[in-house]
J.: 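Structure incoming, see below.
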Amino acid sequence: MRSLQLWFVSVAVLAGGACGDKSGMMTATGASGPTGEPNDTGDDTEEPDDTTGPGATSTTGGGMSATGTSSGPVEPTSAGSEPTSVGFIVPPDGGISGQCDPRVQDCPEGQKCTAVAPVEGEPWGVNTCVEINGEGVVGDPCDVENGKYTGVDNCALGNICLLTDEEGQDGVCVEFCNTSDNCPNTPTADCVVYNDGSLPICLPACDPLVQDCPEGQACYNSAGDLFVCFKESAMPGEGAPGAECQYINQCQKGGFCAAAASVTNCPPMSTGCCTPFCPVSGGNAPCQAGEECTPFFEMGMAPPSYEDVGVCVIPA
C-alpha cells in the first residue's frame with residue numbers, strides 16, 4: 001500500500017487527461033477560481049487526472065480528488081482546447097448541508113472542522129468537527145490517531161495532518177484555504193481543492209522542470225495551470241516512462257500521467273501512462289522514440305515562468 005494518492009477523474013492533455021495519485025489518493029475537482037486537488041500530498045486524496053498539457057489523462061484513482069481553486073483555470077484539457085471542469089467535482093455554494101466548512105472553521109469552541117472518511121476504509125470525503133488535540137501549524141510534524149482518515153490529529157485550528165504513512169504517522173500540518181481561496185500562512189502555496197470539495201488545502205507551488213519540492217515529494221500538475229508539491233508514491237522500479245498509471249503521483253519524480261494514446265509503449269487497455277516533463281527549448285532528448293517534447297500549455301496561455309514546460313507525447 002502507498003501512503004498517498006492524487007486521484008484523477010478525467011482526460012485532458014493532448015491525448016487524454018491527467019492522472020491521479022495512488023498513494024495518498026486525492027481526487028481533484030476542477031473549476032475556474034477556487035477548486036481541486038490532489039491530487040493530494042502524501043495522503044490518500046483523489047485528484048482529477050485532467051490537466052493542461054498534451055496527453056493528459058484522468059482517472060479516478062485512489063484517495064484524493066482535487067478541485068483546483070487558485071488563479072486561472074482549474075482544470076486543464078487537451079492541448080489546444082479550452083480548460084474545462086471535466087472530472088472535477090465543484091462543491092455547492094455555501095457548503096454541504098449537515099457538514100462544517102474547513103474554510104470558515106464554524107465548529108464549537110475547542111473543535112475544528114476537518115476532512116474525514118465518509119466510510120471506514122475510504123479516503124477523505126466529508127467534513128466534520130473534531131476536538132483540537134494539538135498546536136501544530138504549517139510545516140510542523142504531525143500524526144493522525146486511529147488511521148490516516150479519521151481527522152483526529154495534533155495540528156491546530158485551520159490545519160490538517162497530511163503526507164502521512166498508511167498508519168497516519170509522520171505527516172506534516174497543512175493549512176486549509178480561506179474563503180477567498182488564499183493561503184494566509186503559506187504565501188508561496190496555491191489553494192487546491194480535493195476529494196469532493198472536502199480538502200481545500202494549501203500546497204507549495206513548484207517547477208516541474210526543476211522538481212524543487214522537499215525530499216519525498218515531487219512536483220505534479222494540479223488544477224489546470226498549477227503545479228504543486230505532493231508526496232511521491234511510485235515505488236522503486238515503478239512509474240518509469242511508458243509505465244501504466246492512474247494517479248498523478250504514481251509516476252516517478254519528473255513524470256506526468258498522460259492519456260494512454262499519447263505515450264509510446266503504453267500497455268493495451270491502460271487508462272494512462274507515465275511520461276517525462278521536458279523543456280521545450282531542449283528538444284526531444286528525454287522522450288521515448290516516436291514522442292516529441294510538446295508545450296504543456298497552449299501558446300500564449302502559460303503562466304509566468306512556465307513557458308518552457310513541455311511533456312513528451314506522441315504528436316497529435
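Note that this is a predicted model, so its numbers are computed, not measured. Each residue takes its place number in the sequence, starting with 1.
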J.: Report the C-alpha separation of S198 and N127 in whole Å, then their side-chain angles, then the decisive distance to 0.1 Å, and conclude whether the side chain to side chain contact (heavy atoms under 4.5 Å, CB included) test is met.
T.: CA-CA 6 Å; S198 66; N127 296 117; 3.8 Å; yes
J.: So I201 and F176, do their side chains get closer than 4.5 Å, heavy atoms only?
T.: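 F176 vs I201: side chains touch.
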J.: Do the cysteine sulfurs of C293 and C312 sit under 2.5 angstrom from one another?
T.: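 No, no disulfide: SG-SG not under 2.5 Å.
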J.: Can you list the other members of the hydrophobic cluster that holds V130, where links are side-chain heavy atoms under 4.5 angstrom apart?
T.: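 Taking Ile, Leu, Val, Met, Phe, Trp and Tyr as members, V130 stands alone, with no cluster partners.
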J.: Quick one: which of L162, D140, N159, V138 gives a side chain to side chain contact (heavy atoms under 4.5 Å, CB included) with V174?
T.: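 Filter result, single survivor: L162.
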J.: If we check side chain to side chain contact (heavy atoms under 4.5 Å, CB included) with E291, which of these qualifies: T264, V313, N284?
T.: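 For E291, the side chain to side chain contact (heavy atoms under 4.5 Å, CB included) test succeeds with only one of T264, V313, N284, which is T264.
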J.: Could you list who else is in V104's hydrophobic cluster, with ILVMFWY side chains joined at under 4.5 Å, directly or through other members?
T.: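 ILVMFWY cluster around V104 holds nothing else.
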J.: For T186, enumerate each residue passing the side chain to side chain donor-acceptor pair (under 3.5 Å) test, keeping only those at least two apart in sequence or located in another chain.
T.: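 E175.
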J.: Side-chain polar contacts of residues 299-307 - donor-acceptor pairs under 3.5 angstrom, sequence neighbours left out - could you list them?
T.:
residue : atom : partner : partner atom : Å
Y306    : OH   : C206    : O            : 2.6
E307    : OE1  : S305    : N            : 3.0

J.: Please report the shortest heavy-atom distance between P123 and P118, naming the atom on each side.
T.: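 For P123 and P118, the tightest heavy-atom pair comes out as O-CD, 3.3 Å.
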J.: Can you list the residues that meet the side chain to side chain donor-acceptor pair (under 3.5 Å) rule with N265, with sequence neighbours excluded?
T.: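 So N265 forms a side chain to side chain donor-acceptor pair (under 3.5 Å) with Q288.
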J.: Can we say the SG-SG distance for C229 and C219 is below 2.5 Å?
T.: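 Answer is no, sulfur atoms not closer than 2.5 Å.
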J.: Quick check: are the SG atoms of C155 and C173 less than 2.5 Å apart?
T.: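 In this structure, C155 and C173 share a disulfide.
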J.: Are we looking at SG atoms under 2.5 Å apart for C107 and C113?
T.: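 Judged by the SG atoms alone, which are 2.5 Å or more apart, C113 and C107 are not bridged.
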J.: Evaluate side chain to side chain contact (heavy atoms under 4.5 Å, CB included) for N146 paired with V152, printing each intermediate quantity in order.
T.: CA-CA 8 Å; N146 303 318; V152 181; 5.9 Å; no
J.: Treating K231 as the side-chain partner and T164 as the backbone partner, does any N or O pair qualify as donor plus acceptor under 3.5 Å?
T.: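 Flag set: sc K231 to bb T164 pair under 3.5 Å.
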J.: Measure the shortest side-chain to side-chain distance between L203 and L226 over non-hydrogen atoms and say whether it is less than 4.5 angstrom.
T.: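 Result no, sub-4.5 Å side-chain heavy-atom pair not found.
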J.: Which residues pass the side chain to side chain donor-acceptor pair (under 3.5 Å) test with D106, sequence neighbours left out?
T.: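 Checked D106 against side chain to side chain donor-acceptor pair (under 3.5 Å); zero matches.
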J.: So which heavy atom on G242 is nearest to which on P267, and how close?
T.: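 Looking at all heavy atoms of both residues, the shortest contact is O-CD, 3.5 Å.
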J.: Please report the shortest heavy-atom distance between T271 and Q246, naming the atom on each side.
T.: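 Looking at all heavy atoms of both residues, the closest pair is OG1-NE2, 4.5 Å.
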J.: Would the pair C177 and C202 meet an SG-SG distance criterion of under 2.5 Å?
T.: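 Answer is no, sulfur atoms not closer than 2.5 Å.
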J.: The test is side chain to side chain contact (heavy atoms under 4.5 Å, CB included); show your working for F227 and D207 and say whether it passes.
T.: CA-CA 7 Å; F227 290 93; D207 187 330; over 6 Å; no
